[in-house]
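Contents: one structure, followed by commentary.
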Amino acid sequence: MALLEINNLSVEFKTAHGAFRAVDGIDLAVEAGQVMAVVGESGSGKSVAMLALMGLLPWTATVSADSLTFDGWDMLALSPRARRRIIGKDLAMIFQEPMTSLNPCFTVGFQITESLKTHLGGTASERRARAVELLGLVGIPAPEKRLSAFPHQLSGGMNQRVMIAMAIACNPRLLIADEPTTALDVTIQAQILDLLLDLQKKTGMALVLITHDMAVVAETADAVSVQYAGQVVERDRVDSLFAAPRHPYTHALLKALPERATERHLPTIPGVVPGQFDRPKGCLFHPRCAFAGDLCRAEPPRLLADAQGRAARCHGPLDAAGQPTASRDLAERAAS
Amino acid sequence: MLSFLLRRVLLLIPTFLGVSVVAFGFIRVLPGDPIELLAGERSISPERHAELMARYGFDLPLWDQYLKFLTNLASGDLGTSFVTRRPVLDEFLTLFPATLELGLCAIVFAVAVGLPAGVLAGVKRRSWFDQTLMTVSLTGYSMPIFWLGLLAIMVFSGWLGLTPVSGRISVMYYFDNVTGFMLIDSLLSGQEGAFRSAAAHLILPTVVLGTIPMAVIARQTRSAMLEVLGEDYVRTARAKGLPPARVIGLHALRNALIPVVTTIGLQVGVLLAGAILTETIFSWPGIGKWMVDSISRRDYSVVQGGLLLIAAIVMLVNLTVDLLYGLINPRVRRR
């Protein structure tokens, strides 16, 4: 059994204009020690699904799932108290904005030792020693001195290192990194990613990396789950996905990478992710899809895996040459 | 830190001078002069009137009177009441403990009720508790103090007979004035029932005086809490698996307190202004009632000296609050 198993997870938000489904039947499985990338545009429900797992969504959210298990625990059935014994300890998360994710009123040392005190106990001096060790581990110079620093005295990159130190304090089995480099300078982004992967290798924890940067995925992950408008549209190993994407959306994402550009202008995907009021009938991606036929407009496709376990939510997944393997035309389908 | 403190203290000087002009000018723009009021219904001859005006220096040009006031002030002399013939500072020091006792009780009441209520309303937003509290606090905030005071006396003292109507303690008890605080002195006296009586006399004035600060603190705490609970660091605290009491009571509240402490400091001024009405309604022998009595007697030196002292207290409290601010908000702390 996988370390993290999510089956058919949906999250709905109550809004003034009715319910909004931010996550629509997502499946995800993460093995122990695996690096899983979750990719998608803004609004594709990447963060929301993970926040649902952590139990950090606001009261306006309704979470439902066939199963949401971590390390054998049914996270939906757990009492809040039992859940709090797991999150922050075996299941940790870091966020997008390091400058606002740390409490401005408390020192770095206080915020790190607080996690240790809550989950592991120990004496004050043991916790302090562990905090120094952790700050050293995440590459903060002069860790002893930094314990008494407040977040506003550190840079964004340093604060993200502190966040990482805090998250790995209790040796989690799974770390969720929600766009950990988006708010940082480009030069710092690579450092933080290297640090995360380095720690992942050292500790053997699993890592879920939420990102919208395909280049990051290529460098870091073992497996990848591509999300679009709250649904998983493709799931695969990184090497085969980059070699031959099967879903047109992934195909278009990869074509938009500067490294892969062949023309003067970078290719883009026309249109935007559908929102609460403009969800199309049929396949959610069809208005932006280069290959859409009338089948796509009529009927939503299901997420189907091929013989190698490569799953795509498409009526006619692409082959290695980037051409549809089946017709998306109702009349032609009926004929064949 | 020291230079910061020094700068803040130096800044008090122009404020203080401004207040002295207002305090000096305020009583003099009121119609009627002190000599006529002193004479009462008996008429006074113009010669005698002029003689008395000259004796107290009221015949000098305003500019000279103000300079004299300032030079006396510089040597620590606030003047003498020409009604009681006692130095203004002595009168103030005799009466201030009564106001301080009432004010402290009122601010403690306001914070002890307003802060937790505001936190709870913020956490349980839109619950019946939140909506009730917001309605009650708006009512409390809009209710004039004199009206609230009279209403409270009518209901709790008149109809229900639960509390005394006025004064600081029942006339049955008499003991020496040691600290000036009736709660402490009554305990020191060792007389049975004295403390109970002093406490009972404090209840209504405390509630009446503390209502507006309580309402303001509750609303400010609620809105600060609402804002802070949406912050990323509160989500981080939850993600660490901390119990809700710690997330709210430590991580959120510590940040929410920053604007609330400023508000509490500003309420001290409101409190002293409210004390004037509250003390008058409850015949509380403090500086508020002293000011009102002195204004109606046109006791120039008492009014200008008393106003100056009250203003000085408000300024000092606000200075203290500003310094406290650095303690709870590390971002403004000077190195």
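By convention in this document, chain letters (A, B, ...) are assigned in the order of the sequence lines, proteins followed by strands, and residues within each chain are numbered from 1.
- Of all heavy-atom pairs between B:Arg254 and A:Cys105, the closest is CG-CB, 3.6 Å.
- Judged by distance alone, the side chain of B:Lys240 and the main-chain N or O of A:Gln111 form a donor-acceptor pair under 3.5 Å.
- With chain A as partner, the option from B:Pro244, B:Ala252, B:Ala237 having the largest number of non-hydrogen pairs under 4.5 angstrom is B:Pro244.
- Proximity to chain B involves both the backbone and the side chain of A:Ile87, based on heavy atoms less than 4.5 angstrom apart.
- A pairwise comparison of heavy atoms in A:Phe106 and B:His251 identifies CE1-CA, 4.2 Å as the closest pair.
- Top candidate by heavy-atom pairs under 4.5 Å with chain B, chosen from A:His152, A:Lys89, A:Met166, A:Glu114, is A:Glu114.
- Between B:Arg126 atom CZ and A:Trp59 atom CH2 the span is 5.0 Å, to the nearest 0.5 Å.
- From A:Asp178, atom CG reaches atom CZ of B:Arg235 across 7.0 Å, with rounding to the nearest 0.5 Å.
- Contact of A:Thr118 with chain B is made through the side chain alone, with heavy-atom distances under 4.5 Å.
- Within residues 72-86 of chain A, the residues having any heavy atom less than 4.5 Å from a heavy atom of chain B are, in residue-number order, A:Arg84.
- Between A:Pro104 and B:Pro330, the closest heavy-atom pair is O-CG, 3.2 Å.
- Within a 6.0 Å sphere centred on CD of B:Glu227, other residues, nucleotides and ligands contribute 12 heavy atoms or fewer.
- Annotation: side chain of A:Asn103 is not in contact with side chain of B:Glu231 (no heavy-atom distance under 4.5 Å).
- Within a 6.0 Å sphere centred on OH of B:Tyr141, heavy atoms belonging to other residues, nucleotides or ligands number 12 at most.
- Here the side chain of B:Thr236 pairs a donor or acceptor atom with the backbone of A:Ser101 at under 3.5 angstrom.
- B:Leu250 and A:Phe110 get closest at one heavy-atom pair: CD2-CZ, 3.7 Å.
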